[in-house]
Student: 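My questions will all concern the structure given below.
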Amino acid sequence: MRVEIDNFDNYRKSCREFLESEIVPEHQRWEENGLVERSFWEKLGQSGLLGMSVTPEFGGLGKSDYRFAVILTEELIKSGVTVPGIVAHNDVVASYIFALGNEEQKKRWLPELCSGKRVAAIAMTEPSGGSNTADIKTVATRQGDYYLVNGGKTYITNGINADLIVVAVKTEQGQQGQGISLLAIERDMPGFSRGEPLKKIGWNGSDTAELFFHDCKVPITNLLGRENLGNYYFMSAMPRERLSISTVAVASAEHILQSTLEYVKERTAFNQPIGSFQYNRFMLAQLDTEVKIARIYLDNAVDLFNQGLFSLVDAARIKWWTTELQMKVADRCLQLHGGLGYLRDSTVGKNWLNSRAQTIYGGTSEVLQEIISKSLGL
């Protein structure tokens with residue numbers, strides 16, 4: 001089934017129909033196994049949901065308007081389908097290669113990323129450091145027409161399934177944050193291995209792993225962009241990644257709140273719907289208002305992004321605020337579900353667990369507040 005993309009309404013409708021018929025029936029099994037099968041990616045590729053912003057000459061649909069990505073995320077959330085892996089594949093790696101890759105690299109990698117024949121990941125975080133790229137210790141040493149890569153990465157989304165991984169490496173010693181480069185490391189390259197899937201408390205269908213490089217031989221033709229400019233590339237691409245996470249946050253908060261409103265109108269205690277108690281009514285009124293503000297904030301951010309006016313600080317603000325709100329909404333709504341909410345297989349319980357990662361990956365809330373405060377001259 002190929003999604004219709006001639007307008008937003010048709011695109012939303014066809015996304016929903018595709019997910020309900022092709023993905024949802026299999027997804028519970030994938031969550032139980034802790035790994036989505038390759039058929040997941042192939043179906044997404046056949047439907048046209050991968051590499052949407054990539055131009056047709058490289059296998060994409062050429063839809064650069066970010067509102068299409070927002071619709072896909074919203075429908076993924078509503079259907080309960082794993083989101084982080086798709087964000088990493090679409091909004092991070094595919095956009096990196098489309099923006100930084102030379103003609104040969106684009107022809108070599110993008111068509112298979114858009115078709116789902118290859119799965120992508122990005123590897124920045126290391127065991128000894130988190131959001132700060134200046135702490136990178138994975139080293140790539142130039143030797144003729146290839147690099148020797150040594151080091152390791154951890155908490156890598158799509159780490160098990162990935163066939164193409166954009167890896168941040170140190171290629172030159174310099175001041176903090178300098179000397180970083182991006183190498184595309186492929187599945188079968190000698191010296192590359194991965195650990196067992198990491199067991200997480202949420203997003204169970206999204207595989208996460210540690211990656212290891214021991215004298216991993218990477219051709220210089222796999223260098224993305226220019227050597228030693230990796231940190232600049234990160235800063236340029238970070239707004240899109242954080243906007244993606246913010247989209248997940250707002251869509252999740254809306255979905256959790258809507259399902260909770262339906263529940264509290266039906267569930268009774270002391271001979272009345274639990275939603276009719278004043279404390280619960282007022283709390284839900286507050287959450288409803290905050291979530292609607294978040295939607296307006298997100299729509300404005302998407303508009304700025306489409307105009308090329310969405311800054312690194314803008315991205316830090318919205319990612320921090322919306323992900324913290326998502327956690328708050330999930331926590332309050334789980335409380336309203338009582339014992340039902342604490343069951344692992346309950347919708348609100350899953351959303352509560354999934355929400356917790358949102359304030360961590362893509363820049364922790366603490367790091368984001370550092371960025372915001374520095375923009376204020378503090």
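All values derive from a computational prediction rather than experimental measurement.
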Student: Is it the case that more than 12 heavy atoms not belonging to W352 sit under 6.0 Å from its CH2 atom?
Tutor: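 For W352, atom CH2 is not crowded (no more than 12 foreign heavy atoms under 6.0 Å).
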
Student: What's the separation between atom CG in L164 and atom CH2 in W109, rounded to the nearest 0.5 Å?
Tutor: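 If I round to the nearest 0.5 Å, the distance is 6.0 Å.
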
Student: If only side-chain N and O atoms count, and only distance matters, is there a donor-acceptor pair under 3.5 Å linking Q258 with E262?
Tutor: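 Side chains of E262 and Q258: pair found under 3.5 Å.
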
Student: Is any side-chain heavy atom of I86 closer than 4.5 Å to a side-chain heavy atom of L44?
Tutor: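 They are in side-chain contact.
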
Student: Would you say Q272 has more than 12 foreign heavy atoms packed within less than 6.0 Å of its CD?
Tutor: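 Yes, the 6.0 Å shell around CD holds more than 12 heavy atoms from other groups.
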
Student: Which pair of heavy atoms, one from A209 and one from G195, lies closest together, and at what distance?
Tutor: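 In terms of heavy atoms, the two residues are closest at CB-O, 4.4 Å.
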
Student: Ignoring hydrogens and angles, tell me if any N or O in the side chain of N90 forms a donor-acceptor pair with the backbone of L49 under 3.5 Å.
Tutor: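 Present.
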
Student: Could you pull out the closest heavy-atom pair between A184 and N222, with the gap in Å?
Tutor: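 Heavy atoms of A184 and N222 come nearest at O-ND2, 2.6 Å.
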
Student: Is it true that E74 and R295 have a side-chain N and a carboxylate O under 4.0 angstrom from each other?
Tutor: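 A salt bridge is present here (some side-chain N lies under 4.0 Å from a carboxylate O).
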
Student: State yes or no: do F310 and I296 share one hydrophobic cluster built from I, L, V, M, F, W and Y residues joined by side-chain heavy-atom distances below 4.5 Å, directly or via other members?
Tutor: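 Cluster IDs for F310 and I296 differ.
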
Student: Between P197 and L35, is any pair of side-chain heavy atoms under 4.5 Å apart?
Tutor: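 No. Closest side-chain heavy atoms not under 4.5 Å.
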
Student: Is the backbone N or O of A249 less than 3.5 Å from a side-chain atom of S252, with the two atoms forming a donor-acceptor pair by type?
Tutor: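 Flag not set: sc S252 to bb A249 has no pair under 3.5 Å.
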
Student: Please answer whether the main-chain N or O of N271 pairs with a side-chain N or O of T268 as donor and acceptor at a distance below 3.5 Å.
Tutor: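 No; zero donor-acceptor contacts below 3.5 Å.
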
Student: Just to verify, what does E103 make a side-chain hydrogen bond (donor to acceptor under 3.5 Å, both in side chains) with, not counting sequence neighbours?
Tutor: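 Checked E103 against side-chain hydrogen bond (donor to acceptor under 3.5 Å, both in side chains); zero matches.
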
Student: Ignoring hydrogens and geometry beyond distance, is a side-chain donor-acceptor pair present between E126 and T138 at under 3.5 Å?
Tutor: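 E126 vs T138: donor-acceptor pair found between side chains.
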
Student: In this structure, would V291 and I318 fall into the same cluster of hydrophobic residues linked by side-chain contacts under 4.5 Å?
Tutor: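 Yes, V291 and I318 fall within the same hydrophobic cluster.
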
Student: Tell me whether I201 shares a hydrophobic cluster with L343, the cluster being built from Ile, Leu, Val, Met, Phe, Trp, Tyr side chains joined at under 4.5 Å.
Tutor: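 The answer is yes; both residues are in one hydrophobic cluster.
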
Student: Linking I/L/V/M/F/W/Y whenever their side-chain heavy atoms sit closer than 4.5 Å, directly or via other members, would L100 and I180 fall into one cluster?
Tutor: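 Yes, L100 and I180 fall within the same hydrophobic cluster.
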
Student: Tell me the closest heavy-atom pair linking S206 and T157, and the distance in Å.
Tutor: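 Here S206 and T157 meet closest at OG-CG2, 3.6 Å.
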
Student: Look at the side chain of N354 and the backbone N and O of W203, then say whether any donor-acceptor pair between them is shorter than 3.5 Å.
Tutor: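 Yes: the side chain of N354 pairs with the backbone of W203.
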
Student: To the nearest 0.5 Å, what is the distance between CG (L19) and NZ (K43)?
Tutor: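 L19 atom CG to K43 atom NZ measures 11.0 Å (nearest 0.5 Å).
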
Student: Identify each donor-acceptor pair in which a side-chain atom of residues 53-63 lies under 3.5 Å from a protein atom, sequence neighbours left out, and give them as a table.
Tutor:
none

Student: Tell me, do L224 and Y233 make a side-chain contact under 4.5 Å, heavy atoms counted?
Tutor: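 No. Closest side-chain heavy atoms not under 4.5 Å.
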
Student: Check R281, E266, R267, K265 against I274 for a side chain to side chain contact (heavy atoms under 4.5 Å, CB included) and give me the one that passes.
Tutor: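 Only match with I274 under side chain to side chain contact (heavy atoms under 4.5 Å, CB included): R267.
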
Student: Of all heavy-atom pairs between I360 and K319, which one has the smallest distance, and what is that distance?
Tutor: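 Minimum heavy-atom contact is N-NZ, 4.1 Å.
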
Student: Count the heavy atoms of every other residue, nucleotide or ligand shown that sit under 6.0 Å from NZ of K200, and state whether that count exceeds 12.
Tutor: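 Enclosed.
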
Student: Do K153 and F212 touch side chain to side chain, with heavy atoms closer than 4.5 Å?
Tutor: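 The answer is no; the side chains never approach within 4.5 Å.
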
Student: Can you name the one residue among D91, T73, V92 that meets side chain to side chain contact (heavy atoms under 4.5 Å, CB included) with S244?
Tutor: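 Only match with S244 under side chain to side chain contact (heavy atoms under 4.5 Å, CB included): D91.
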
Student: Salt bridge between R12 and E75, side-chain N to carboxylate O under 4.0 Å?
Tutor: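 Looking at E75 together with R12, the answer is yes, because their closest N to O distance falls below 4.0 Å.
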
Student: Just checking, any donor-acceptor pair under 3.5 angstrom between side chains of Y96 and S236?
Tutor: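 Short answer, no.
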
Student: Testing the 3.5 Å rule here: is there a donor-acceptor pair between the side chains of E42 and Q46?
Tutor: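 Not at all, the side chains of E42 and Q46 share no donor-acceptor pair under 3.5 Å.
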
Student: If you measure only the distance, is there a donor-acceptor pair under 3.5 Å linking the side chains of T221 and E104?
Tutor: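 Looking only at side-chain atoms, E104 and T221 do not form any donor-acceptor pair under 3.5 Å.
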
Student: Taking the side chain as every heavy atom from C-beta outward, state whether K350 and R344 have any atom pair closer than 4.5 Å.
Tutor: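 A side-chain contact under 4.5 Å is absent here.
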
Student: Quick test of your reading of the model: are E112 and R118 salt-bridged, counting only N-O distances below 4.0 Å?
Tutor: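 Salt bridge between E112 and R118, a charged N being under 4.0 Å from a carboxylate O: yes.
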
Student: According to side-chain hydrogen bond (donor to acceptor under 3.5 Å, both in side chains), who are the partners of R38, at least two apart in sequence or on a separate chain?
Tutor: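 Residues passing side-chain hydrogen bond (donor to acceptor under 3.5 Å, both in side chains) with R38: D163.
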
Student: Look only at the side chain of N306 and the backbone of D65, and say whether a donor-acceptor pair between them is shorter than 3.5 Å.
Tutor: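 It does not hold such a pair.
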
Student: State which residues pass salt bridge (charged side-chain N to carboxylate O under 4.0 Å, His left out) with D314; sequence neighbours excluded, sorted by chain then number.
Tutor: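 In terms of salt bridge (charged side-chain N to carboxylate O under 4.0 Å, His left out), with neighbours along the sequence ignored, D314 is linked to R317.
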
Student: Not counting sequence neighbours, which residues clear side-chain hydrogen bond (donor to acceptor under 3.5 Å, both in side chains) with Y297? List them please.
Tutor: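 Listed in chain order: nothing, the list is empty.
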
Student: Counting neighbours of NZ on K78 that are heavy atoms of other residues, nucleotides or ligands and sit closer than 6.0 Å, is the number greater than 12?
Tutor: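 Above 12, so yes.
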
Student: Between K328 and E290, is there a salt bridge with N-O shorter than 4.0 Å?
Tutor: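 Counted as a salt bridge, because a side-chain N and a carboxylate O are separated by less than 4.0 Å.
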
Student: Hey, what do you get for CD1 (I256) to CG (L287), rounding to the nearest 0.5 Å?
Tutor: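 Rounded to the nearest 0.5 Å, the CD1-CG separation comes out at 10.5 Å.
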
Student: So if you build clusters from Ile, Leu, Val, Met, Phe, Trp, Tyr with side-chain heavy-atom gaps below 4.5 Å, do V218 and I122 land together?
Tutor: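 They do not share one cluster, since no chain of ILVMFWY contacts under 4.5 Å joins V218 to I122.
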
Student: Specify the closest pair of heavy atoms between S365 and E324, including all atoms of both residues, with the distance to one decimal.
Tutor: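 In terms of heavy atoms, the two residues are closest at OG-OE2, 2.6 Å.
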
Student: Please check if atom CD in Q335 has more than 12 non-hydrogen atoms from other residues, nucleotides or ligands closer than 6.0 Å.
Tutor: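 It does not: Q335 CD has 12 such atoms or fewer within range.
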
Student: Give the minimum heavy-atom separation between A120 and L113, together with the two atoms involved.
Tutor: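 Looking at all heavy atoms of both residues, the shortest contact is CB-CD2, 3.8 Å.
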
Student: My understanding is that a hydrophobic cluster links ILVMFWY residues whose side chain heavy atoms are under 4.5 Å apart, including indirect links. Using that, what else belongs to the cluster containing Y342?
Tutor: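 Y342 clusters with nothing; isolated.
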
Student: Is the gap between the ring centers of Y361 and Y155 under 6.0 Å?
Tutor: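 Between Y155 and Y361, which both carry aromatic rings, the centre distance is not below 6.0 Å.
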
Student: Find out whether S79 and I23 are in side-chain contact, i.e. whether some heavy atom of one side chain is under 4.5 Å from a heavy atom of the other.
Tutor: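 Heavy-atom side-chain distance check fails, nothing below 4.5 Å.
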
Student: Does OH in Y263 sit with more than 12 non-hydrogen atoms of other residues, nucleotides or ligands closer than 6.0 Å?
Tutor: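 Counting other residues, nucleotides and ligands, OH of Y263 exceeds 12 neighbours.
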
Student: Would you call the rings of F40 and W30 parallel, tilted or perpendicular, taking 30° and 60° as the class edges?
Tutor: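 If you compare the ring of F40 with that of W30, the planes turn out perpendicular.
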
Student: Could you tell me whether the side chains of R332 and N280 share a donor-acceptor contact shorter than 3.5 Å?
Tutor: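 No, N280 and R332 have no side-chain donor paired with an acceptor closer than 3.5 Å.
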
Student: Can you tell me how far the CG atom of D215 sits from the CG atom of N150, to the nearest 0.5 Å?
Tutor: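 Going from CG on D215 over to CG on N150, the span is 4.5 Å.
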
Student: Can a salt bridge be assigned to the pair R29 and E37 using a cut-off of 4.0 Å between side-chain N and carboxylate O?
Tutor: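 A salt bridge is present here (some side-chain N lies under 4.0 Å from a carboxylate O).
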
Student: Looking at CD1 of I220 and CD of Q143, how far apart are the two atoms once the value is rounded to the nearest 0.5 Å?
Tutor: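 Atom-to-atom, I220:CD1 and Q143:CD are 12.5 Å apart.
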
Student: Does a side-chain N-to-carboxylate-O contact under 4.0 Å join K13 and E17?
Tutor: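 Judged by the 4.0 Å cut-off on N to carboxylate O distance, K13 and E17 do form a salt bridge.
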
Student: Whether the side chain of N102 engages the backbone of Q105 through a donor-acceptor N/O pair (distance < 3.5 Å, no angle test) should be reported.
Tutor: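 A pair under 3.5 Å: yes.
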
Student: Distance only, no hydrogens: is a donor on one side chain within 3.5 Å (strictly under) of an acceptor on the other, for H337 and S346?
Tutor: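 No, because no side-chain N or O of H337 sits under 3.5 Å from a partner of the opposite role on S346.
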
Student: For the CG atom of L72 and the OG1 atom of T247, what is their distance to the nearest 0.5 Å?
Tutor: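 One gets 10.5 Å once the value is rounded to the nearest 0.5 Å.
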
Student: Tell me, do F192 and I165 make a side-chain contact under 4.5 Å, heavy atoms counted?
Tutor: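 Answer yes - side chains close enough.
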
Student: Do E227 and T171 have side-chain N/O donor and acceptor atoms under 3.5 Å apart?
Tutor: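 Distance-only check fails for E227 and T171.
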
Student: Determine yes or no for a side-chain-to-main-chain donor-acceptor pair under 3.5 angstrom, with S181 supplying the side chain and N228 the backbone.
Tutor: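 Yes, because the side chain of S181 sits within donor-acceptor range (under 3.5 Å) of the backbone of N228.
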
Student: With a 4.5 Å limit on heavy-atom distance, are the side chains of V36 and V81 in contact?
Tutor: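 The answer is no; the side chains never approach within 4.5 Å.
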
